[in-house]
Amino acid sequence: MFSAEEIRSDFKIFSQPENEGLIYLDSAATTHRPECVIQAEADFYRSNNANPLRGLYALSIRATDDYENARASVAKFLNAAEPAEIIFTRNASESLNLVAYTLGLSEVQAGDEVVVSCMEHHSNILPWQMVCNAKGAKLVWLECDSSAEISEQEIKAKINSKTKIVAVAQVSNVFGITNPIEKIASYAHEVGNGGKGAYVVVDGAQSAPHKRIDVQALGADFFAFSGHKLCAPMGIGALYGKKQLLEKIPPFLRGGEMIEYVTRETATFAEVPHKFEAGTVNAGGAVALARAIEYIQGVGLDNIEKNDDSLAQTMIEEMKKIPYLHIIGNDDYKKHCGIVTFTIDGVHPHDIASILDTEKIAVRAGHHCAQPLMQKLGVGSTARASCYFYNTQQEVEVFIEKLKLVRRWMGFKE
């Protein structure tokens, strides 16, 4: 039986004296780590620490086995066709840059179009701006409607025979909305690139921690996510890519174990995925990522989604009763993935966050690395509360009660 209250005991950060009473509602930025994940990384360095892939002695072989077993775990988690389709990176941002600098710069030509959505994180905008500027291509924007949704009409209006790449987040870090990746990918593969099919790049940073991911069913050519948003350490992430595409595109970084043979004049490169993993890898982080995946699968992704919906329902229903508070995005709590972004009349989002912090409630405030979306919405910044499976109904209820007092603390007389 799922119980957020019981699960919290796995997260020692909540029992530290300095965090007594903390209500943490910023998991869209980074999640906390259960003790088993911290232990898995520590155990690697205590028992199997050696440079993977390079040594022929027993310790290095164990390190290599740990690292490659972690790759297999990620492949299974995403339903990749094989482990070789998984590249370890530092985070989703690095993964998306890898695709832009390899696929983007090698495939995009003058006159081509790259399509992104208006709700993208900067990490899925800036690399494509770079590609378009470098290659003389056009950046095209998929716009959302007033319900924060991308319509089928908009998809068909913006993706056409000139489209070479479509890069879209599966879940928005501002709205929490789940975008119709299957429809986008299907249409992009049908009409893009002169009918040969556009490449589809999915930012899964917000979806992978909360939903069952099947990259093959999604139709993703590439899929990126960060470990730190699903209970793994910072500094480890992964990129899924179809093997035939990974074999086709050039390496991103060069040096270390990604080579096959080097002469004074030239070099040949290792097979995928090692072709994209230059230098000493973050083996301990990969091992901990695999343990984090095992942990959240133990919690149950169905349970995580149900808890997301339940907490979002409470927040949205109670926020609607506050006349001076405005929810950003869809009114349907099932379309928020545990993320609720909002503004309060007369109170800057930074002040909202600061006031709530005095009550030991942690929420995000700012542009959420989505300034083009903020510009579309006509706001400079917003406040954002984001839940995960270790958050409880009681915490959300306390959050709402304190939220009602924010304007009073700012001197407003209701």
Side-chain angles (χ1 to χ4, degrees), residues 37 40-78 80-106 127 201 215 221-228 232-293:
V37 171
E41 185 168 26
D43 285 347
F44 173 82
Y45 287 114
R46 286 194 188 103
S47 302
N48 291 340
N49 179 47
N51 211 317
L53 309 169
R54 300 186 183 187
L56 299 178
Y57 49 90
L59 186 58
S60 180
I61 291 170
R62 292 204 306 272
T64 300
D65 287 345
D66 277 357
Y67 185 63
E68 294 302 332
N69 287 340
R71 192 190 310 279
S73 294
V74 175
K76 186 176 181 181
F77 178 61
L78 300 180
E82 58 178 294
E85 294 185 322
I86 302 301
I87 300 164
F88 284 119
T89 63
R90 290 184 304 144
N91 45 48
S93 296
E94 183 175 287
S95 295
L96 294 165
N97 272 274
L98 187 159
V99 181
Y101 274 91
T102 56
L103 179 81
L105 291 181
S106 63
V201 182
V215 289
D221 295 305
F222 296 90
F223 184 97
F225 75 93
S226 293
H228 73 94
M234 296 180 182
I236 187 68
L239 173 69
Y240 157 82
K242 290 180 178 176
K243 189 175 181 181
Q244 66 268 30
L245 296 179
L246 294 176
E247 290 173 339
K248 177 182 178 181
I249 59 180
F252 178 38
L253 302 173
R254 303 183 183 222
E257 201 61 27
M258 56 77 65
I259 60 91
E260 182 183 58
Y261 190 73
V262 177
T263 70
R264 292 192 179 195
E265 293 78 24
T266 188
T268 57
F269 304 112
E271 294 181 353
V272 297
H274 305 294
K275 166 184 171 183
F276 296 98
E277 295 177 352
T280 297
V281 296
N282 183 2
V287 168
L289 173 58
R291 185 65 184 90
I293 287 171

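Here the structure is a predicted model, which means the values were calculated and not measured. Values reported hereafter were calculated over all heavy atoms of this structure, with side chains retained and with hydrogens, waters and symmetry mates removed.
Considering only residues two or more places apart in sequence or on other chains, Ser93 meets the side-chain hydrogen bond (donor to acceptor under 3.5 Å, both in side chains) condition with Ser123. For Glu257, the salt bridge (Lys or Arg N to Asp or Glu O under 4.0 Å) partners at least two apart in sequence or on another chain are Arg54. Remark: Phe88 pairs with Tyr67 by the ring pair (Phe, Tyr, Trp, His ring centres under 6.0 Å) rule, at least two apart or across chains. Under the side chain to side chain contact (heavy atoms under 4.5 Å, CB included) criterion, Ala81 pairs with Glu85, Gln216, sequence neighbours left out. Qualifying ring pair (Phe, Tyr, Trp, His ring centres under 6.0 Å) partners for Phe222, counting only residues two or more places apart in sequence or in other chains: none. For Ser226, there are no side-chain hydrogen bond (donor to acceptor under 3.5 Å, both in side chains) partners two or more places apart in sequence or in a different chain.
Separating the CG atom in Asn91 from the CG atom in Leu239 is a distance of 11.5 Å, to the nearest 0.5 Å. Here the CD1-CZ distance, from Ile293 to Phe77, works out to 5.0 Å after rounding to the nearest 0.5 Å.
Listed by first and then second residue, the side chain to side chain donor-acceptor pair (under 3.5 Å) pairs that reach into residues 97-106 come to none, sequence neighbours excluded. Within the structure, the salt bridge (Lys or Arg N to Asp or Glu O under 4.0 Å) test picks out no pair touching residues 260-273 (sequence neighbours left out). A salt bridge (Lys or Arg N to Asp or Glu O under 4.0 Å) check over residues 64-74, counting only residues at least two apart or in different chains, returns the pairs Glu68-Arg71, Arg71-Glu277. Sorted by first and then second residue, the salt bridge (Lys or Arg N to Asp or Glu O under 4.0 Å) pairs involving residues 247-256 (not counting sequence neighbours) are Glu107-Lys248. Note on residues 236-246: pairs passing salt bridge (Lys or Arg N to Asp or Glu O under 4.0 Å), not counting sequence neighbours, are Glu82-Lys243, Asp221-Lys242.
The two residues Val262 and Ala267 come nearest to each other via the heavy atoms CG2-CB, 4.0 Å. Summarising the geometry of Ala50 relative to Phe44, their closest heavy-atom pair is O-CZ, 4.4 Å, with the distance given to 0.1 Å. Between Leu98 and Ile87, the shortest heavy-atom contact is CD1-CG2, 4.4 Å. The two residues Leu96 and Pro127 make their nearest non-hydrogen contact at O-CB, 4.3 Å. Across Ala238 and Ser95, no two heavy atoms sit closer than the pair O-OG, 3.4 Å.
Between the side chain of Ser60 and the main chain of Gly55, a donor-acceptor pair closer than 3.5 Å is present. Within the 3.5 Å criterion, the main-chain N or O of Leu53 finds a donor-acceptor partner in the side chain of Thr64. Using modelled atom types, no side-chain atom of Arg62 and backbone atom of Asn49 make a donor-acceptor pair closer than 3.5 Å.
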Practice task
Carefully, step by step, assess Leu78 and Phe225 under the rule side chain to side chain contact (heavy atoms under 4.5 Å, CB included).
Solution key: CA-CA 10 Å; Leu78 300 180; Phe225 75 93; 3.8 Å; yes
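Side-chain atoms of Val74 and Tyr240, non-hydrogen and from C-beta on, never get closer than 4.5 Å to each other. Between Val37 and Pro233 the shortest side-chain heavy-atom distance falls below 4.5 Å.
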Report, one line per pair, each donor and acceptor closer than 3.5 Å where one atom sits in a side chain of residues 278-292; sequence neighbours left out.
unit_1, atom_1, unit_2, atom_2, d
Thr280, OG1, Asn51, ND2, 3.1
Asn282, OD1, Gly285, N, 2.9
Asn282, ND2, Gly235, O, 3.0

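Crowding of Tyr57 atom OH: a count of heavy atoms from other residues, nucleotides or ligands under 6.0 Å exceeding 12.
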